[in-house]
Amino acid sequence: RRLKRELGLPCRAPGEGRMNVDPIDVVSRAKRVPREALERYEARAESGARPQVVVPVYDEHGKVCSQFRFGPNDKGRFDKGKPAGLFLPGRVPAGGERWCLVEGVKDAAALLSLGYLVAGLPGCSLPERFASLFAGIEVILVPDLDDAGVAGAERSAGRLAATAASIRVARLPGTHTPSRGTDVRDVLAQVDGERRVREAIDRAVAWRPRVADDRPEIIVADIEGRE
């Protein structure tokens, strides 16, 4: 106990009951997210043997449709048998606002703590049914720096094209990898991370749909007819 005190660790005397542990504190520290930002997404503690946090998710009408649970050592899960929804900071977007879209509630809360309006996606792309929630919104997609994240941003942009006021795509600093790429929290954990994240968002590039090449294929053959 003396050593724990010197190290600033919690301790209890013999015979004392079980220590009260705040799951939101434990999870927010483990996930590198400010507690206050996580609570903006209506996070609440769930009692049990292990500390867990529960966050509501919203459907395409802006109504709570399910919940997402996660602890300090797992990625989390949606309620079984219910639809996966969006993570929103207590309200839906309003026309004329600028919103960032990122994957998951943890990155959403981290970015929200910097002063941005942020919606967390249930995966690497925005399901098409949610596009109407961003009508008239200036959208900035901030994907993870890997294959799934970049491809997901392209799909999200295409689904938002008919409703959003504008669409831009940010590129986080770092090296693109096939999987498990750098995300918002990874950059924030680096030296001067906040500045680097803000610069990536400020420099986000306007999205343009890819033009399909419909020209017929031309096959060049030699005089004997071999390709």
Side-chain angles (χ1 to χ4, degrees), residues 28 31-34 36-38 40-41 55 57-58 68 70 75-76 84-94 96-128 130-131 133-161 163-210:
S28 61
K31 298 302 183 181
R32 300 173 295 169
V33 176
E36 296 77 14
L38 202 55
R40 289 276 301 278
Y41 289 86
V55 180
V57 293
Y58 292 76
F68 183 79
F70 62 103
K75 294 189 70 174
L86 286 183
F87 299 101
L88 296 172
R91 69 174 181 87
V92 298
E97 293 178 332
R98 177 178 298 165
W99 281 68
C100 294
L101 300 189
V102 298
E103 182 178 344
V105 68
K106 290 158 275 188
D107 275 1
L111 201 51
L112 183 92
S113 71
L114 304 186
Y116 297 97
L117 291 171
V118 193
L121 305 178
C124 59
S125 64
L126 178 76
E128 191 165 3
F130 292 107
L133 288 178
F134 297 92
I137 301 298
E138 297 177 26
V139 174
I140 302 175
L141 300 165
V142 189
D144 292 358
L145 202 54
D146 54 30
D147 291 350
V150 172
E154 184 68 22
R155 291 194 300 272
S156 297
R159 293 163 182 168
L160 288 163
T163 56
S166 64
I167 304 167
R168 292 191 289 151
V169 182
R171 187 193 189 282
L172 292 171
T175 302
H176 181 106
T177 57
S179 62
R180 301 180 67 85
T182 298
D183 62 23
V184 168
R185 285 173 298 143
D186 292 330
V187 180
L188 289 174
Q190 298 170 7
V191 175
D192 213 13
E194 179 177 338
R195 178 186 62 80
R196 301 181 77 194
V197 167
R198 291 186 183 279
E199 285 183 352
I201 292 173
D202 289 343
R203 296 172 181 173
V205 177
W207 177 80
R208 295 287 183 269
R210 294 179 179 175

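- Put simply, the side chain of V197 reaches to within 4.5 Å of the side chain of L111, judged on heavy atoms.
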CA sep, side-chain torsions, deciding dist, call: E97, R91, salt bridge (charged side-chain N to carboxylate O under 4.0 Å, His left out): CA-CA 13 Å; E97 293 178 332; R91 69 174 181 87; 2.8 Å; yes
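- In this structure, F134 and R159 have side chains that are not in contact, with every pair of non-hydrogen atoms separated by 4.5 Å or more.
- You'll find the side chain of P93 stays beyond 4.5 Å of the side chain of L117, heavy atoms only.
- Using modelled atom types, one side-chain atom of T163 and one backbone atom of A131 make a donor-acceptor pair closer than 3.5 Å.
- Minimum interatomic distance between P122 and G85 (heavy atoms only, all atoms of both residues): CB-O, 3.5 Å.
- Looking at S156, its side chain does come within 3.5 Å of a backbone N or O of L126 through a donor-acceptor pair.
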Verdict with supporting geometry, E103 and S125, side chain to side chain contact (heavy atoms under 4.5 Å, CB included): CA-CA 8 Å; E103 182 178 344; S125 64; over 6 Å; no
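- Counting all heavy atoms, side chain and backbone alike, C124 lies closest to R155 at SG-NH2, 3.5 Å.
- Here the closest non-hydrogen pair linking A109 and A37 is O-CB, 3.2 Å.
- Judged by distance alone, with hydrogens and angles left aside, the side-chain atoms of R185 form no donor-acceptor pair with the main-chain N or O of A110 at under 3.5 Å.
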Verdict with supporting geometry, Y41 and V118, side chain to side chain contact (heavy atoms under 4.5 Å, CB included): CA-CA 10 Å; Y41 289 86; V118 193; 3.5 Å; yes
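- Between T175 and L145 the shortest side-chain heavy-atom distance does not fall below 4.5 Å.
- Looking at D146, its side chain does come within 3.5 Å of a backbone N or O of G149 through a donor-acceptor pair.
- Proximity of a side-chain donor or acceptor of K31 to a complementary backbone N or O of F70 within less than 3.5 Å is not detected.
- Annotation: side chain of I201 is not in contact with side chain of L114 (no heavy-atom distance under 4.5 Å).
- Of all the heavy atoms in I140 and A204, the pair that sits closest is CG2-CB, 3.9 Å.
- The 12-atom threshold is exceeded at CZ of R198, counting heavy atoms of other residues, nucleotides or ligands nearer than 6.0 Å.
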Stepwise side chain to side chain contact (heavy atoms under 4.5 Å, CB included) check, V142 with L172: CA-CA 7 Å; V142 189; L172 292 171; 3.9 Å; yes
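- Listed for the D186 side chain is a donor-acceptor partner under 3.5 Å among the backbone atoms of D183.
- When side chains are defined from C-beta on, R40 does not count as touching S113, because their heavy atoms never get closer than 4.5 Å.
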